[in-house]
Every structure is written in structure tokens, then in C-alpha cells.
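The next block holds one structure in the form of C-alpha cells; read it before the comments.
Throughout, a chain's letter reflects where its sequence line sits, starting with A, and its residues are numbered from 1. Because the structure is predicted, anything quoted here is derived from the model rather than measured.
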Protein chains: 2
Amino acid sequence: MANTAKFNRRQVLEKATRLFWQKGFHATSTRDIQQAIDMRPGSIYAAFGSKSGLFREVLQFYAANMTEQLARSLAAADTVVGGLQVFFRRVLLEGGDDAPSELCLLAKSLSELDEEEGELLRETRQLLAATEAEFRSQVERAVSRGELPTHTDAALLARQLQVQLIGLRSYLRATGNRAAVNEIVGHLFDTPEISQ
Amino acid sequence: MANTAKFNRRQVLEKATRLFWQKGFHATSTRDIQQAIDMRPGSIYAAFGSKSGLFREVLQFYAANMTEQLARSLAAADTVVGGLQVFFRRVLLEGGDDAPSELCLLAKSLSELDEEEGELLRETRQLLAATEAEFRSQVERAVSRGELPTHTDAALLARQLQVQLIGLRSYLRATGNRAAVNEIVGHLFDTPEISQ
DNA sequence: TTTCTACTTGAGCGATCGCTCAAGACGGAA
DNA sequence: TTCCGTCTTGAGCGATCGCTCAAGTAGAAA
């Protein structure tokens, strides 16, 4: 007999992601989870193995959603650089209203996970590296399309985008100052690498 | 009778800061603290009131140390801009060996604290704002000394320094790639605001 | 030396943690 | 309709949490 589970895995992951994203891994109790996803402990542990196992799937679910959002942003703009800028503005300035946190869930996890949760920490680092690799391939695409000069250091620029995105999300949580963030995003694609 | 406490408050705060900085507020148990600072619960609660009260003093202690380190960096360099660069390199590249975490304790706390710990969150935001204000006054000093052009937007540049420092520390925790961080720091004081 | 008082001690309270498992519910096969 | 195997249920286990407080200790005053 195949899987006869009653729950919808995607909906469960959506709700669990919102909860973990808001409260973090440590501060989210299994009883919080039970209430949020309307499942009893036995079912949760049968489906996900442990709190860590669920969180691991949540991290992957979150990263996949971010990748989709980047793809949509790129599709909505005429240029690659414009698409990246749309993505930054969406993540930083538009998602803020109903998003569970101003921060990136991966950065938040990177911050709170200890060596004791080594597997989750490794997963987080890997997903962040994949994001940076995605930025890099987009920068390379922009160069090959003539949007950026041929001498552009794609690895450096992708790294700078990653640093800025995480830094700006932290700054937003610290100050709530969207105008200040918007001003910096405006300068983001105006660095010496691009403008000179 | 005045204070006859046997413990040295500064030494206790140093040890507690290292512990909280490494593990974070939630993941540090009061029993971890008891062991690290060699005090029994009764004494700790008499001296600091609660785990939150101790953490509050730890946040202030950490921020004061960062301010001192910035002052030392500025004193060790010929120019203000050079002093800021020394500070960035010290925090990002030199402290990493024995520092409890690659991250800024304030950014880490900003990330894990919830509205349920509102007072600690407010304290964290205030200390971060004070850091940005310190950056700004140094940028203004650099302008008045002729190190930066007079049209420099000091508020914007200070904000960018804050964003970059937090972002770079996250990046260091994500990748451990000091060479990559060093490369970005090299470009930091080479932005359009400065070079044009 | 005696007294006073501030400080320290550590057993342990009530709450909550992540998680288990025996019992029940339910859908498909025969 | 009966049977079988999977999924669900929820009481509750052992561990750990932040914290309290009655009893003990030690230094200053008299």
C-alpha cells in the first residue's frame, strides 16, 4: 500500500517555514509546530524523523522559493542587471509586510546554529553557496549580453551581491528604514566594476 | 556595609560575553553560565537579576569593547580612512582565531531575539545605531580633514560601512574565505562617493 | 571575641523541552 | 463484509530549563 497520508506536504512545509523563519530553530518548540501545522507528534515524527529533519526540509523549501523568486524577477525585466535589481527590491522592500522576518532564513540559521547541529549548519552553508553561484552565473550572463564590461570580475561581483543582500536585510531589521535601504540598492549596480 | 562581593565583575562579564557570543542567548543555559563564570545561581541572580539582565550587560560590554577597538585602530593609522580600514581588517581577519564567533554579537542577537524579549531587542538596536553614528562622525572627520571630497554623503557612507561589516562577517561564517573578504575590504574605501 | 549583615551555597521546584509508543482509525484488497 | 497494513492519536517519559530560598559563611563594626 502506498502513501495514504492525509496531510499535504507542501502546505505543511509552508506553515513550518513561516514559523521557523519567524522564531528561529531553537526558539520554536515542537508544540508550536504541532499547532501551526495541525499534526500530532506521532505523525510529525513519522513524516520528518525529528525537529532537525523537518528544519532541514524547511531550509531547502525556503531556498527553492528564493530561487523561483529570482527567476521570476529576471523574467519580469528587460535586462539581467535590471532583473537582479528587481529581485533585490522585492526581497528587501516588498516582502517585508507579511514576511515572517526581515532576515534571510539561511543567514538567520547560519547565525544561530552551533557545531552541535553540524548537519543543519552544513546544509545552510551549502544552500548559501548555491545562491552565490546563481548570482555568479547571472552576472556572467550579463557580461556575455554586453550589459557589463568584459573585464568584470564575476566572482567578486556575485560575492558582493551576496554580502550586500544579507547586510541590507540585517540593517532593515535593525532600523526598519526602508528609504535608507532603497538608497543603497540604487547605488548597488553602480560600483566601479560596472560603471568604469 | 558596602559591596563585599568576591567576584570581579569585569572578568565575569568577559567570560559570559565569550559564552553568549559563541552560543547565542537561547542556546546558552544558566548552567553553562554557572560553569563558565564559576558562580552559583543564587549569586548570579543577586548580581544580575536574571539571564536577560546578565545578557543586557553583556551586550553593553561587547559594544564598549568594539568602540575601544575602533579608537585604537584610528590611533594606529595616519588617516581616518586608513584607521577605518585597519578596524575592518582587525575585526574581520585577525579576531577570527580566538573570537567566539565570526559574527557581530549585536547582529547575532538582532537575529535571534524575538518580540518576547523586547527589551533586549531594543537595547541591541540602540547599540547598533550608536555604532553607525560613530562611523558617521568619523566619516565627517575625514571630510573635514580633506581625506574625502566635501560632497561626500556621510550618512550614506556610514550606513554602507555598517551594512558591509555585518554582511562580511556573515559571509565569513558562511564560507570561511578570508581571502575573498580581504578582497572586498580592499574595494570598500574605493566607492564612487570616495573616488569620484 | 561577639554580633551583625551582606553575600554565597546548592538542593530542588514547577514548567517546558524533544520525543516515544501502545492503542485506535481508516482505506483498499479479497 | 472481513481482514490487513499504514497512518494518526495523545498521554506521558526522562531530561533540562530558568529560577528560588532557607541555611551557611565570612568580613567589618563594636
task = Quickly work out the F48(A) CZ to dC19(C) P distance and round it to whole Å.
result = 14 Å
message = Quick check on contacts: within residues 12-19 of chain A, what sits under 4.0 Å from DNA chain D by heavy-atom distance?
response = none
Counting only pairs under 3.5 Å, give me each side-chain donor-acceptor contact of residues 36-44 of chain B, with atom names and distances, residues two or more places apart or in other chains.
| unit_1 | atom_1 | unit_2 | atom_2 | d |
| --- | --- | --- | --- | --- |
| D38(B) | OD1 | R40(B) | NH1 | 3.3 |
| D38(B) | OD1 | R40(B) | NH2 | 3.3 |
| R40(B) | NH2 | D38(B) | O | 3.2 |

query = In B/S/- notation, 5' to 3', how is nucleotides 20-25 of chain D contacted by protein heavy atoms closer than 4.0 Å?
reply = BB----
remark   = So CG of D32(B) and CD of Q22(B): to nearest 0.5 Å the spacing works out to 9.5 Å
note = Rounded to whole Å, the CZ-C1' distance (R40(B) to dT9(C)) equals 8 Å
message = Using 0.5 Å steps for rounding, measure from the OG1 atom of T17(B) to the CG atom of L59(B).
response = 8.5 Å
note = CD of E57(B) to CZ of R9(B), rounded to nearest 0.5 Å, is 4.0 Å
ask   = Taking atom CG of L105(A) and atom OG of S111(B), what is their separation to the nearest 0.5 Å?
value = 9.5 Å
request  = Could you name each residue pair satisfying side chain to side chain donor-acceptor pair (under 3.5 Å) that touches residues 69-79 of chain A, not counting sequence neighbours?
outcome  = S73(A)-R90(A)
Partner residues of E140(A) under the salt bridge (Lys or Arg N to Asp or Glu O under 4.0 Å) criterion, sequence neighbours left out = R136(A)
key: Pairing residues for R159(B) by the salt bridge (Lys or Arg N to Asp or Glu O under 4.0 Å) criterion, not counting sequence neighbours   = E183(A)
query = E14(A): what forms a salt bridge (Lys or Arg N to Asp or Glu O under 4.0 Å) with it, not counting sequence neighbours?
reply = R10(A)
inquiry  = Let me check the geometry of the helix from dT1(C)-dA30(D) to dA30(C)-dT1(D). What is the bend angle between the axes at its two ends, five pairs each, to 10°?
reply    = 0°
query = What residues form a ring pair (Phe, Tyr, Trp, His ring centres under 6.0 Å) with Y45(A), not counting sequence neighbours?
reply = none
task = To the nearest 0.5 angstrom, please state how far the CZ atom of F87(B) sits from the CD atom of Q138(B).
result = 10.5 Å
query = Separation of F55(B) atom CZ from dC19(D) atom C1', in whole Å?
reply = 19 Å
inquiry  = Whole angstroms only, please: what is the CE-P distance between M39(A) and dT9(D)?
reply    = 8 Å
ask   = Just how far, in rounded Å, is P of dC7(D) from CZ of F7(A)?
value = 9 Å
task = For E112(B), check side chain to side chain donor-acceptor pair (under 3.5 Å) against everything at least two apart and list the hits.
result = H26(B)
Distances for protein N/O vs nucleotides 13-17 of chain C N/O pairs under 3.5 angstrom?
none

task = Measure the distance from CD on Q34(B) to P on dG10(C) and round it to the nearest whole Å.
result = 11 Å
Would you tabulate the side-chain donor-acceptor contacts of residues 167-176 of chain B under 3.5 Å, counting partners in other chains and residues two or more places apart, or write 'none'?
| unit_1 | atom_1 | unit_2 | atom_2 | d |
| --- | --- | --- | --- | --- |
| R169(B) | NE | E102(B) | O | 3.0 |
| R169(B) | NH1 | Y62(B) | OH | 3.3 |
| R169(B) | NH2 | L103(B) | O | 3.0 |
| S170(B) | OG | I166(B) | O | 3.4 |
| Y171(B) | OH | E132(A) | OE1 | 3.0 |
| Y171(B) | OH | E132(A) | OE2 | 3.0 |
| R173(B) | NE | L110(A) | O | 2.6 |
| R173(B) | NH1 | E102(B) | OE1 | 3.2 |
| R173(B) | NH2 | L113(A) | O | 2.8 |
| T175(B) | OG1 | Y171(B) | O | 3.0 |
| T175(B) | OG1 | N177(B) | N | 3.1 |

